[in-house]
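Each remark here refers to the structure printed beneath this line.
Every chain is numbered from 1 and lettered A, B, ... according to where its sequence line falls, protein lines coming before strand lines.
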There are 2 protein chains.
Amino acid sequence: MDENVTKISQHLLKLKALSDETRLDIISLLANGPLCACDILESFKITQPTLSYHMKMLTGSNLVDSVRKGKWMHYSLNQAEFSGLIDYLGRIPKPENRPVVRSSCCGGMDSCDSQAEQVEKP
Amino acid sequence: MDENVTKISQHLLKLKALSDETRLDIISLLANGPLCACDILESFKITQPTLSYHMKMLTGSNLVDSVRKGKWMHYSLNQAEFSGLIDYLGRIPKPENRPVVRSSCCGGMDSCDSQAEQVEKP
DNA sequence: ACGTTATATCGATTTTTTTCAATATGTTGA
DNA sequence: TCAACATATTGAAAAAAATCGATATAACGT
């Protein structure tokens, strides 16, 4: 029931993760296969701590998985989570959601075209 | 060619637009059909200028269309643009993109498992 | 023209995000 | 154990985003 609420925040986390240009580029990089942080770092003009921060955002949203391989940290796109986000977005445009209340400003939705009479709101 | 660059920013704009909780909720509202600003406003605990700001973000990203109907501003989800974003995201996980350079930190990708010898980077 | 209503813009403030230098942690090979 | 390397964390500063009150603009009815 309020699992939905939690889900929304999970999706929001992912959307936030994708809303930064550097991170979106990192995601595109990882789409080609796993990479270690040192490789990713070379593709950008940012410092190592900044990359580490971005990777934390990405792993924190579960869009990216990480495993240690010796000295190196290997990052990979979590396809399932990524697909999950896409599925969520894909379900939005359909009218099965009705997540919040709806009121009407002027009787009906399209009745505003010919707003001969206006409904006063108390 | 660099149309791709522009496209990326368009997608990034949309992702930024969706990365705010209020705006994501507005999108869900609009998924049920067009609404005027006054109606949307009632669903949130924000002021009218703030809503106007958010709607500007949403229309600026083209995820939402707006038309004046008399005194009212009617907002509606731009399904085509929304789908465009979803399509873009859906294409990311496949290896047809290779958007940026790739280097290798230790020979191959999986060779790091048994990193008997390490390749020094000059 | 005027008053009312709906929305937009402006200016300032608060909040959040991004960034980096310094430093810490963890791993490996000698 | 220790030096070297890869990555993480911390603390502070800069940049960007969100918010609001005041005010402007636009449309309508009278």
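- Taking the side chain as every heavy atom from C-beta outward, I86(A) and Y88(B) never approach each other to under 4.5 Å.
- Taking atom CE of residue M55(A) and atom P of nucleotide dT19(C), one finds them 14 Å apart after rounding to whole Å.
- Counted by atom type alone, D65(A) and N78(A) present one or more donor-acceptor pairs between their side chains at under 3.5 Å.
- Atom CD1 in I26(B) sits about 12 Å away from atom C1' in dA18(D), given to the nearest Å.
- Counting distance only, with no hydrogens placed and no angle test, the side-chain atoms of Q48(A) and the base atoms of dA8(D) include a donor-acceptor pair under 3.5 Å.
- You'll find that the side chain of Y53(B) is closest to dA18(D), out of dA18(D), dA27(D), dT7(D).
- Applying the 4.0 Å criterion to OP1 and OP2 of dA18(D), one finds that T50(B) has every side-chain N and O outside that range.
- Both L30(B) and L63(B) are part of a single hydrophobic cluster, where members link through side-chain heavy atoms under 4.5 Å apart.
- For the pair M73(B) CE and dT9(C) P, the interatomic distance rounds to 9 Å; values are reported in whole Å.
- Checked by atom type and distance alone, the side chain of R23(B) pairs as donor or acceptor with a backbone atom of A17(B) at under 3.5 Å.
- T59(A) places a side-chain N or O within donor-acceptor distance of the main-chain N or O of M55(A), the cut-off being under 3.5 Å.
- Distance M57(A) CE to dT19(C) P: 11 Å, rounded to the nearest Å.
- Judged by distance alone, with hydrogens and angles left aside, the side-chain atoms of S19(A) form a donor-acceptor pair with the main-chain N or O of K16(A) at under 3.5 Å.
- At the phosphate of dT19(D), OP1 or OP2 sits under 4.0 Å from a side-chain N or O atom of H54(B).
- In this structure, W72(B) places its CH2 atom 12 Å from C1' of dT4(C), rounding to the nearest Å.
- Between K16(A) and dT16(C) there is no side-chain N or O to OP1 or OP2 distance below 4.0 Å.
- A close approach under 4.0 Å does not occur between any side-chain nitrogen or oxygen of R23(B) and OP1 or OP2 of dA17(D).
- When the C1' atoms of four end pairs are superposed on the next four at each end of the helix from dA1(C)-dT30(D) to dA30(C)-dT1(D), using five pairs per end, the two resulting axes differ in direction by 30°, to 10°.
- Counting all heavy atoms, side chain and backbone alike, A31(B) lies closest to I92(A) at CB-O, 3.0 Å.
- Counting to the nearest Å, the P atom of dA21(C) and the CG atom of L51(A) are 14 Å from each other.
- S52(A) contributes no side-chain N or O that, together with a main-chain N or O of Q48(A), makes up a donor-acceptor pair within less than 3.5 Å.
- The distance between atom CG of D39(B) and atom P of dT7(C), rounded to the nearest whole Å, is 9 Å.
- For R68(B), the side-chain atoms get nearest to dA27(D) when compared with the rest of dA21(C), dA27(D), dT9(C).
- In this structure, the CZ atom of F44(B) is 17 Å from the C1' atom of dC20(D), given to the nearest Å.
- Close to dA8(C), at under 4.0 Å from its OP1 or OP2, lies a side-chain N or O of Y75(B).
- Dashed line: the shortest gap from a side-chain N or O of H74(B) to OP1 or OP2 of dA6(C) is not under 4.0 Å.
- The side chain of K71(A) lies closest to dT27(C) when the candidates are dA18(D), dT7(C), dT27(C).
- Under 4.0 angstrom from either OP1 or OP2 of dT9(D) there lies at least one side-chain N or O belonging to K56(A).
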